[in-house]
Number of protein chains: 2
Amino acid sequence: MPPSGNRSTPVIKDVAQLAGVSVPTVSRYLNGTAKVSQEKREKIAQAIKLLDYKPSFVARALANKVMDSVTLLTSLSRYWATTEINSGAEHAARDRGFLFGVTSLDGISDDEIESTINRVLSANPAGVIVSESDEIAIQVLHQIPKDTPLVLIGGSRGDAPYQVMPSEREGGRVITEHLLGLGHRNVVHVHRPEGPNNNTRTLGWRDAMRDAGIQAVEAYQVGSDLEESVELGRKLAHDPNLTAIFAGNDETAISLIKGLRDEGVHVPEDVSVAGYNDQLFSRMWDPPLTSYSQNFVDLGAAAFEMLYAQIEAKRAGNPAPAPECRVIEGRLMVRDSTAAPRNAA
Amino acid sequence: MPPSGNRSTPVIKDVAQLAGVSVPTVSRYLNGTAKVSQEKREKIAQAIKLLDYKPSFVARALANKVMDSVTLLTSLSRYWATTEINSGAEHAARDRGFLFGVTSLDGISDDEIESTINRVLSANPAGVIVSESDEIAIQVLHQIPKDTPLVLIGGSRGDAPYQVMPSEREGGRVITEHLLGLGHRNVVHVHRPEGPNNNTRTLGWRDAMRDAGIQAVEAYQVGSDLEESVELGRKLAHDPNLTAIFAGNDETAISLIKGLRDEGVHVPEDVSVAGYNDQLFSRMWDPPLTSYSQNFVDLGAAAFEMLYAQIEAKRAGNPAPAPECRVIEGRLMVRDSTAAPRNAA
DNA sequence: CTGAAAGCGCTTACAG
DNA sequence: CTGAAAGCGCTTACAG
């Protein structure tokens, strides 16, 4: 018995008619914004079920000035961690009934960044998550109105009132200390370019080295072309003092190992090599890679939840939650690519 | 000289006032839906620039019954190919000024799938992309109104009027033929569960085997726990007739190699092993892995473009584009993990 | 507790 | 070419 318009998706008027109440009453029922008599509640519930009515996201968004959606801004859209973060955040959003949007900031000019962000904001998202990976992120932070719920993933402590970050620096320290604890007197670090923040693997490595009283620290930066790391491995193979390397990620680690082997250096017998990220392939490597495992899915989920708390508070007219910087712990995975140095015992 | 309301983001009324024209005229200017005099055009343009006005996505969506956004539905949100697909589609959408949403279907019950889809649709997306990975996708297809622009990624030819698919089957055939061409008399296949469609790597392998007149085909299915593949590798190591394996993906390939090695079997000297997907780590493997490279980023972008063509046609009141099934080609990457069998020449 | 009214920002017929 | 009017589907004061 389709009411009013006979076609397409039912709207609030349809359920109001079918239930024999006014439209605002249905709205109140839906949002719990005011008491509705038991009797009408039931009729409305029935009508909704009968019609399979779903409130329109966009009409609500227009009336409320805000949509039940969040958008994640990222500038490293194809990076492994980004995938995990997005997935974690998206699932959390979905489970709360929020639409989840992604907008990438890579591959566009600086001028376009502003208009891209404005476009995102013109969809009235309830909040935005900025996933830091480079300078762009910080620039972006300033372009988002202060009253828009926001959480920053990564960055330096204090870059934003609400942050979720991986234990990057801690991870760098832990890996380095593991190597040092094995008896290595020096740990060479090879890393990709890192974000402009104070929570990097490289800084953790420096922390550990400094605490161990080691002065001569050697770090090499490599790009995303793995051949570069292979080359570096070949070169490092001829350093007689080399006994341990902490690579900034697993791909770099296996590439270095490849280079070392090309020159007849054995891992871990001659040189220990640790990676970072504990990717799936790492445990299959020969030798299985010592690495640091970071749960980026949890990180993404935590970011959404922190955002959601702000959104809820704002809607309820409550004061904003206290600023927070949550660190998601990772953990060291010791495998066979690291061992005590030959001349240790 | 801020017009009307003095605060927050400007709306169309503000630019109309500032330009000294009516609101509909601004709208016409914006959408090019009717001629606007040169003089007014200029004034409007100026006002827009001055105010940094951006039309509201949601108001437009309400008036037009459709939002400048597309949503991608996926049930394999953390899979490698999914990342690439999403990234490709998102960039293409962004470049067209479309918002891009992702909704995952994994981890929810069958009942919830319908309501999740309804929720997505209640945001009036201009179109949706369904990324096939399992039976869920096909189920989803039927829940989307016929008049909603839609493109299916993957699936069997004919599952939907508009499809973009990887050359999976072709890839399976090419890899197998490569192995056969090297002189192998049999190619054992090890694969993960595959989608319920007729475009799978496994079918390509069967095609090639059949064409080569090989009857005794052996296929093994493994799960996502790589240890299972290692085990299988150990077991296969004792098969005296084994000379070549086509693994359904690179992770499986390296795990099999690990198992083979555990039993003293050398790759490629004793057994050739090929992977699939050509992941970054594959070329760094020891030995570097022969694999099939598929550009999933392009695939995602192509899916969006195909969707966009439908959206445009619909908006212009034109007939829908002709149904299309576009195949994105991949290519064979021959490396050292495959070689002629020992007793070949 | 519950209607009638007005409004969110934009677009589309309808009359000039 | 261009206004005034009505409407998209929902919500929020305003009066009962």
Side-chain angles (χ1 to χ4, degrees), chain A residues 3-5 7-44 48 51 53-68 118-119 121-124 126 315-317, chain B residues 3-5 7-44 47-48 51 53-69 118-119 121-124 126 315-317:
Chain A
S4 78
R7 74 192 59 249
S8 76
T9 53
V11 297
I12 197 171
K13 200 207 298 182
D14 298 322
V15 355
Q17 274 184 232
L18 184 57
V21 303
S22 74
V23 163
T25 297
V26 177
S27 174
R28 291 179 192 114
Y29 166 83
L30 251 18
N31 301 298
T33 106
K35 297 259 167 245
V36 174
S37 70
Q38 176 62 23
E39 180 198 14
K40 307 208 166 183
R41 303 181 67 77
E42 282 166 7
K43 292 196 169 176
I44 294 173
I48 288 178
L51 261 25
Y53 166 74
K54 308 278 170 188
S56 156
F57 260 86
V58 339
R60 274 190 165 167
L62 186 59
N64 290 335
K65 317 281 288 171
V66 53
M67 178 129 78
D68 276 1
N118 281 337
R119 199 196 311 141
L121 293 175
S122 78
N124 296 0
R315 290 188 178 175
Chain B
S4 78
R7 74 191 61 250
S8 76
T9 51
V11 297
I12 197 171
K13 201 206 301 181
D14 298 321
V15 353
Q17 274 184 233
L18 184 56
V21 304
S22 75
V23 163
T25 298
V26 177
S27 174
R28 292 180 191 113
Y29 166 83
L30 252 16
N31 301 299
T33 104
K35 298 261 166 244
V36 173
S37 71
Q38 176 63 22
E39 179 197 14
K40 307 210 167 181
R41 301 180 69 76
E42 282 166 8
K43 291 197 169 177
I44 295 174
I48 288 178
L51 262 25
Y53 166 75
K54 307 279 169 188
S56 157
F57 260 88
V58 339
R60 275 191 165 167
L62 187 58
N64 289 334
K65 315 282 289 172
V66 53
M67 177 129 78
D68 276 1
S69 75
N118 281 337
R119 199 195 310 139
L121 294 175
S122 78
N124 296 2
R315 290 190 179 173

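Here is how names work: the chains are called A, B, and so on, in the same order as the sequence lines, proteins then strands, and each is numbered from 1.
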Atom pair distance, as rounded to whole Å: [atom1] in [X] and [atom2] in [N]:
| X | N | atom1 | atom2 | result |
| --- | --- | --- | --- | --- |
| A/Met67 | C/dG9 | CE | P | 15 Å |
| A/Lys43 | C/dT2 | NZ | P | 11 Å |
| A/Lys65 | C/dC10 | NZ | P | 9 Å |
| A/Leu51 | D/dC10 | CG | P | 11 Å |
| B/Gln38 | D/dT2 | CD | P | 11 Å |
| B/Arg315 | C/dT12 | CZ | C1' | 15 Å |
| A/Leu62 | D/dG7 | CG | P | 17 Å |
| A/Leu30 | D/dT12 | CG | C1' | 15 Å |

Among [options], the nucleotide that comes nearest once only the side chain of [X] is considered:
| X | options | answer |
| --- | --- | --- |
| B/Ala34 | D/dT2, C/dT11, D/dC10 | D/dT2 |
| B/Arg28 | D/dT2, C/dG9, D/dA13 | D/dT2 |
| B/Val11 | D/dC10, C/dG9, D/dA13 | C/dG9 |
| A/Lys35 | C/dT12, C/dC1, C/dC10 | C/dC1 |
| A/Ser56 | D/dT12, D/dG9, C/dC10 | D/dG9 |
| A/Ala63 | C/dT2, D/dT11, D/dG3 | D/dT11 |

Side-chain heavy-atom pair [X], [Y] within 4.5 angstrom cut-off:
| X | Y | answer |
| --- | --- | --- |
| A/Leu18 | A/Tyr53 | no |
| A/Arg315 | A/Val66 | yes |
| A/Val21 | A/Tyr29 | no |

Rounded to the nearest 0.5 Å, how far apart are CD1 of A/Ile48 and CG of A/Leu30?
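Answer rounded to 0.5 Å: 5.0 Å.
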Approximate separation, where rounding is to 0.5 Å, of B/Ile44 CD1 and B/Ile12 CD1:
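Rounded to the nearest 0.5 Å, the CD1-CD1 separation comes out at 9.0 Å.
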Categorize [X] for me: base, sugar-phosphate, or nothing, with a 4.0 angstrom heavy-atom threshold over every strand shown.
| X | value |
| --- | --- |
| A/Val23 | base |
| B/Val58 | nothing |
| B/Tyr53 | sugar-phosphate |

Checklist entry - So which nucleotide does C/dA4 pair with, by the Watson-Crick or G-U wobble rule with both distances under 3.5 Å? => result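 Checking every strand shown, C/dA4 finds no partner, since no pair has both distances under 3.5 Å.
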Using Watson-Crick geometry (N1-N3 plus N6-O4 or O6-N4) or G-U wobble (N1-O2, O6-N3), each under 3.5 Å, D/dA13 is paired with none
**Study point:** Least distance between heavy atoms, B/Val36 atom then B/Arg28 atom
**Key:**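 Closest pair (atom of B/Val36, atom of B/Arg28, distance): CG2-CB, 4.1 Å.
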Report yes if at least one side-chain N or O of B/Ser37 is closer than 4.0 Å to OP1 or OP2 of D/dT2; otherwise report no. yes
Short side-chain N/O contact from A/Thr25 to OP1 or OP2 of C/dC1, under 4.0 Å: no
Between A/Asn64 and B/Lys40, whichever has its closest DNA chain D nucleotide further toward 5' is B/Lys40
